[in-house]
2 protein chains.
Amino acid sequence: MSDTQSQSTSKGTWVTYRPEIKVLDCTIRDGGLMNDHRFEDGFVKAIYDCCVAAGVDYMEFGYKADQKIYSRDKFGDWKFCVEDDVRRIVGDNPTELKLTMMADAERTDYHHDILPCEASVFDVVRVATYVHQIPTAIAMIQDATDKGYETTVNIMAASTVQENDLDDALAALAATPVGTIYLVDSFGAMYSEEIQYLTRKYQRAVEGTNIEIGIHTHNNLQLAYANTVEAIVLGVNRLDATVAGLGRGAGNCPLELLLGFLKNPKYHLRPVLECLETAIPRLRTQMKWGYDLAYMITGQLNCHPRDAMKYMEVDEPGSIVAFYDQMLEGTS
Amino acid sequence: MSDTQSQSTSKGTWVTYRPEIKVLDCTIRDGGLMNDHRFEDGFVKAIYDCCVAAGVDYMEFGYKADQKIYSRDKFGDWKFCVEDDVRRIVGDNPTELKLTMMADAERTDYHHDILPCEASVFDVVRVATYVHQIPTAIAMIQDATDKGYETTVNIMAASTVQENDLDDALAALAATPVGTIYLVDSFGAMYSEEIQYLTRKYQRAVEGTNIEIGIHTHNNLQLAYANTVEAIVLGVNRLDATVAGLGRGAGNCPLELLLGFLKNPKYHLRPVLECLETAIPRLRTQMKWGYDLAYMITGQLNCHPRDAMKYMEVDEPGSIVAFYDQMLEGTS
């Protein structure tokens with residue numbers, strides 16, 4: 001934080017900001033994990049308009065999933081992000097907002113489905129990979145780079161990866177043309193000290209390259225925003241957030257909290273509040289997300305939220321004590 | 001964190017804990033600010049039983065407010081914490097749990113209303129003071145000490161106090177027999193860097209004394225738990241929390257998150273989950289608390305949540321954008 005353009009270490013003198021910081025909204029993509037990517041066009045458009053007005057840098061629409069693996073009948077449009085579907089919302093996207101797709105390693109027919117960038121409405125390919133899929137992820141990064149895209153890579157479930165495997169993965173990714181490597185707290189299980197430890201590890205891995213580090217958090221322990229701020233303080237410049245924290249399970253870092261923290265005058269909170277007022281209440285009648293005890297429990301146990309999601313999906317979830325007991329059984 | 005009994009800096013090796021850490025539950029006291037301290041006896045008893053079973057160290061019932069200032073008709077029992085009312089819940093409190101009352105500077109007839117400790121069911125007097133009331137607070141600390149109580153002091157609204165005034169207050173309090181000085185984020189406006197800055201200031205102020213530092217947070221920015229963890233990492237040993245985060249406005253650090261973090265085997269999460277399952281749902285039909293956009297806005301603006309509480313108190317709060325616009329007007 002020695003850069004004079006950086007935020008100082010005391011709020012009272014936060015009169016400067018770090019212009020390298022960029023915000024990515026992944027409301028539709030991560031939120032889509034809660035409704036099989038079936039958002040109404042009006043909602044997607046509301047998020048898009050919000051991002052443009054709020055000065056957000058990137059917006060992620062969803063996955064570029066392989067239609068040979070996933071049925072279009074079973075999932076909504078934003079599982080596949082077909083160009084025409086996106087253009088139905090954004091036209092040719094005549095804005096500063098860059099559009100991103102997420103491409104899962106081994107679940108994306110990237111050779112075929114990802115067009116050359118100049119033929120696409122998308123600007124960025126975000127590769128998502130588990131640590132054992134790194135070779136595929138690297139091939140996908142190379143392919144997207146060759147096609148003219150900015151690229152990023154999310155190493156998923158980092159809180160359960162063996163440290164030497166993570167080190168190997170980072171070393172391999174640091175040698176690619178990827179633009180950003182994301183620290184991802186898939187299970188919402190990380191505390192500030194782990195964010196510190198891993199952020200510094202990721203930063204060391206990319207020293208001497210132009211690769212940025214990003215952060216993607218989940219709110220199981222009410223730490224999604226706190227951990228994002230922690231990462232900012234450590235020098236992380238690429239930040240994921242979602243409107244109302246919409247995202248899988250306990251959700252993500254809320255965009256409204258993040259934009260309230262960032263001091264760059266390009267960011268505006270008011271359009272996010274407008275979106276929260278006009279678009280979110282109706283969605284809350286259709287789906288349920290955000291911090292809740294079941295997600296807290298899976299976060300505390302550092303495990304995938306799938307059991308909590310199953311517990312929460314009924315209208316009247318059962319005993320939380322019984323869920324806790326069951327989860328403890330599951331980890332013994 | 002050089003103490004070998006301290007938590008290490010990586011979660012993977014958190015096999016130790018800091019035995020000096022003590023947890024105070026202030027569910028009834030801080031929650032009472034949302035319902036004029038009118039809790040049913042069954043709820044107060046449920047929190048008491050929860051604290052005992054969970055291994056919590058202290059439980060705060062409410063205020064020892066002056067009945068010449070506050071009418072017993074207008075407020076519930078826990079505004080006054082008359083001995084007989086507390087004994088109706090806890091008998092003679094034949095447990096390890098210590099009971100605390102909060103005594104507001106200038107709003108407590110402490111000479112008259114606070115009995116000698118041996119005649120009281122209470123163990124601790126927690127003096128709450130604004131920085132301009134420090135002389136009164138010191139007199140109250142001395143009075144309570146002379147009567148045989150453990151004492152603590154909360155300097156309220158620390159995020160809006162001028163730094164030289166805060167330094168003077170800390171120096172004056174460090175010369176008293178007080179047991180703990182609490183860093184209090186009354187407005188839920190502090191970020192981790194401010195917690196660091198102020199915690200270190202408080203710690204320096206008590207160097208060479210036996211005074212402990214405590215932390216009391218609010219959740220306006222979803223940082224109540226994160227800031228409590230931050231303080232723990234810095235060496236703070238006295239922690240306030242509440243069941244379900246119940247407390248004024250956005251509420252406090254949730255006890256269930258905190259006990260999931262602390263590794264001392266004396267603490268048990270399961271009784272808190274039981275309490276959350278049996279006692280909290282009914283309360284949620286009677287009162288509304290916890291993180292919400294209006295509280296976020298007052299937190300971001302570092303101001304008292306009273307405007308947000310007023311906005312939230314109706315069944316159908318109005319436009320959040322209008323509330324935001326109004327609050328910005330108010331700070332210009």
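Reckoned from all heavy atoms, side chains included, excluding hydrogens, waters and symmetry mates. Naming convention: chains lettered A, B, ... in sequence-line order (proteins, then strands); numbering from 1 in each chain.
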Single hit among A:Leu239, A:Thr228, A:Asp240 for side chain to side chain contact (heavy atoms under 4.5 Å, CB included) with A:Thr217
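Exactly one option meets the side chain to side chain contact (heavy atoms under 4.5 Å, CB included) with A:Thr217, and it is A:Thr228.
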
B:Met34 and its side chain to side chain contact (heavy atoms under 4.5 Å, CB included) partner, picked from B:Lys288, B:Glu313, B:Met312, B:Met309
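The single option meeting the side chain to side chain contact (heavy atoms under 4.5 Å, CB included) with B:Met34 is B:Met309.
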
Aromatic contact between A:Phe187 and A:His304, with the criterion being ring centroids under 6.0 Å apart: yes or no?
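Yes, they do, as the ring centres are separated by less than 6.0 Å.
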
Pair A:Lys201 + A:Glu163: basic N to acidic O under 4.0 Å
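The answer is yes: the pair qualifies as a salt bridge.
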
Using non-hydrogen atoms and a 4.5 Å limit, figure out which bit of [X] sits close to chain B: side chain, backbone, both or neither.
X        : result
A:Leu223 : side chain
A:Glu230 : side chain
A:Leu293 : side chain

Quiz question: by atom type and distance under 3.5 Å, do the side chains of B:His216 and B:Asn252 form a donor-acceptor pair?
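Note: B:His216 and B:Asn252 side chains meet the donor-acceptor criterion.
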
Quick one: is the NZ or CZ of A:Lys45 closer than 6.0 Å to the six-membered ring centre of A:Phe43, and within 45° of its axis?
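No, A:Lys45 and A:Phe43 do not form such a contact.
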
Among B:Thr278, B:Leu269, B:Asn219, B:Val229, which has the most heavy-atom pairs under 4.5 Å with chain A?
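Maximum pair count with chain A is reached by B:Leu269.
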
Can you tell me which portion of B:Phe323 sits under 4.5 Å from chain A's heavy atoms? Options are side chain, backbone, both or neither.
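For B:Phe323, no heavy atom lies under 4.5 Å from chain A.
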
Does any heavy atom of chain A fall under 4.5 Å from the side chain of B:Asn227, the backbone, both, or neither of them?
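For B:Asn227, there is no contact with chain A at all, as no heavy atom is under 4.5 Å.
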
Do you know which of A:Ile320, A:Ile297, A:Val321 has the most heavy-atom pairs with chain B at a distance under 4.5 angstrom?
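Result: the option with the highest number of such pairs is A:Val321.
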
